[in-house]
Protein chains: 2
Amino acid sequence: MALPGSIAAGAHDLSVHFEGLANPTRLMIVERLATTPELRVSELAVYCQVSQPLLSWHLRILRKAQVITTRREGREVFCSLDREAIAEHQSQFTRLIAFGGEQLAEPPTTNSITEGSS
Amino acid sequence: MALPGSIAAGAHDLSVHFEGLANPTRLMIVERLATTPELRVSELAVYCQVSQPLLSWHLRILRKAQVITTRREGREVFCSLDREAIAEHQSQFTRLIAFGGEQLAEPPTTNSITEGSS
DNA sequence: ATCTTTCATAAAGGCTACGTTATGGATCCT
DNA sequence: AGGATCCATAACGTAGCCTTTATGAAAGAT
């Protein structure tokens with residue numbers, strides 16, 4: 001799907017990230033995880049009132065979307081928000097709608113004649 | 001629907017908003033619209049290299065997600081980013097992951113004695 | 001070792017998103 | 001008027017998301 005003037009890898013990552021947030025149940029998970037550093041999978045399942053396999057499936061999507069991270073301790077799995085990755089994606093999107101996504105990972109070549117800021 | 005001030009409705013709105021951004025083609029539309037105040041539908045279709053009906057369908061989703069707005073002038077339809085709504089949703093999400101969406105104005109009670117753990 | 005708890009995965013079905021093609025309505029042009 | 005352009009919608013097929021039920025692997029408890 002790569003296209004003209006493309007944002008390429010960045011755009012794909014971004015759409016995957018947003019896809020992770022594009023569901024009420026997953027948004028509920030995010031909201032719950034925002035109130036505490038870590039939560040076990042079973043606790044999240046109770047809170048969201050969904051079956052354990054279904055929650056596991058949602059967690060997989062959230063992990064792929066870089067919204068959460070999981071840590072295994074014995075037979076339990078602890079989930080937490082990936083605040084760093086979320087902030088990174090947010091800032092990427094902000095840049096996208098600010099300049100049009102022209103420069104996503106462009107080194108400062110300082111070749112600018114018309115540069116309004118720094 | 002869309003009761004003003006409702007938290008539940010807000011969460012739903014948020015997932016709909018993110019769903020609008022959870023697609024490479026739609027993200028490309030957003031990127032393109034970020035570089036100019038307005039664009040016609042046909043121009044967007046050429047840029048994204050998708051058929052006109054398909055683009056029309058994507059635009060409908062973006063409109064419902066409150067990502068863009070459209071304005072009709074004669075037989076042409078001009079699209080533009082709904083920057084205000086986007087900023088509103090972004091800030092809503094930021095609040096969601098910052099405090100969990102519950103306490104918004106909690107003074108520093110400095111009363112950290114009881115920290116329950118189970 | 002046996003049983004229980006915790007989580008992941010497989011299989012299967014319903015529902016929706018995505019995409020193409022065809023058509024129609026509205027506006028502009030001649 | 002007739003034709004051309006711009007956009008929306010309908011009909012339809014495919015692919016993928018969401019959900020349930022059943023099963024399995026791994027660690028802790030007895």
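Scope of the values below: all heavy atoms of this structure, side chains included, with no hydrogens, waters or symmetry mates. Every chain is numbered from 1, with letters handed out A, B, ... down the list of sequences.
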*Asks:* Check side-chain hydrogen bond (donor to acceptor under 3.5 Å, both in side chains) between A:T25 and all other residues, then give those that pass, not counting sequence neighbours.
*Replies:* none
*Asks:* Could you state the interatomic distance from CG (A:D82) to CG (A:L62), rounded to the nearest 0.5 Å?
*Replies:* 11.0 Å
*Asks:* Does C:dA17 have its OP1 or OP2 closer than 4.0 Å to a side-chain nitrogen or oxygen of B:H58?
*Replies:* no
*Asks:* Only pairs at least two apart or in different chains count here, so list each side chain to side chain donor-acceptor pair (under 3.5 Å) that has a residue in residues 58-69 of chain B.
*Replies:* B:R26-B:H58, B:R63-B:T70, B:Q66-B:H89, B:T69-B:S80
*Asks:* Which pairs of donor and acceptor atoms, one on a side chain in residues 37-44 of chain B, lie under 3.5 Å apart (sequence neighbours left out)?
*Replies:*
| residue | atom | partner | partner atom | Å |
| --- | --- | --- | --- | --- |
| B:E38 | OE1 | B:R71 | NH2 | 2.8 |
| B:E38 | OE2 | B:R71 | NE | 2.8 |
| B:E38 | OE2 | B:R71 | NH2 | 3.1 |
| B:R40 | NH1 | B:E76 | OE2 | 2.8 |
| B:R40 | NH2 | B:S42 | OG | 3.0 |
| B:E43 | OE1 | B:R40 | N | 2.9 |

*Asks:* What pairs of nitrogen or oxygen atoms, one from the protein and one from nucleotides 11-16 of chain C, lie under 3.5 Å apart?
*Replies:*
none

*Asks:* Within the 4.0 Å limit for protein heavy atoms, which parts of nucleotides 4-9 of chain D are touched? Write it as a string from 5' to 3', B for base, S for sugar-phosphate only, - for none.
*Replies:* BBSBBB
*Asks:* Round to a whole Å and report the spacing from CD of B:Q49 to P of C:dC18.
*Replies:* 19 Å
*Asks:* Check the distance between D:dG16's P and A:I61's CD1 and give it to me in whole angstrom.
*Replies:* 13 Å
*Asks:* Apply the hydrophobic cluster definition, ILVMFWY joined by side-chain contacts under 4.5 Å directly or through others, and give me every member besides A:Y47.
*Replies:* A:M28
*Asks:* Show every ring pair (Phe, Tyr, Trp, His ring centres under 6.0 Å) that has at least one partner inside residues 59-82 of chain B, sequence neighbours left out.
*Replies:* none
*Asks:* For A:G74 and for A:R26, locate the closest nucleotide of DNA chain D by heavy-atom distance; then report the residue assigned to the nucleotide nearer the 5' terminus.
*Replies:* A:R26
*Asks:* Using ring-ring contact (aromatic ring centres under 6.0 Å, His included) as the criterion, list what pairs up with A:F93, not counting sequence neighbours.
*Replies:* A:F18
*Asks:* Which residues pass the side chain to side chain contact (heavy atoms under 4.5 Å, CB included) test with A:S51, not counting sequence neighbours?
*Replies:* A:P53, A:L54
*Asks:* C:dC18, OP1 or OP2 - any side-chain N/O from B:N23 closer than 4.0 Å?
*Replies:* yes
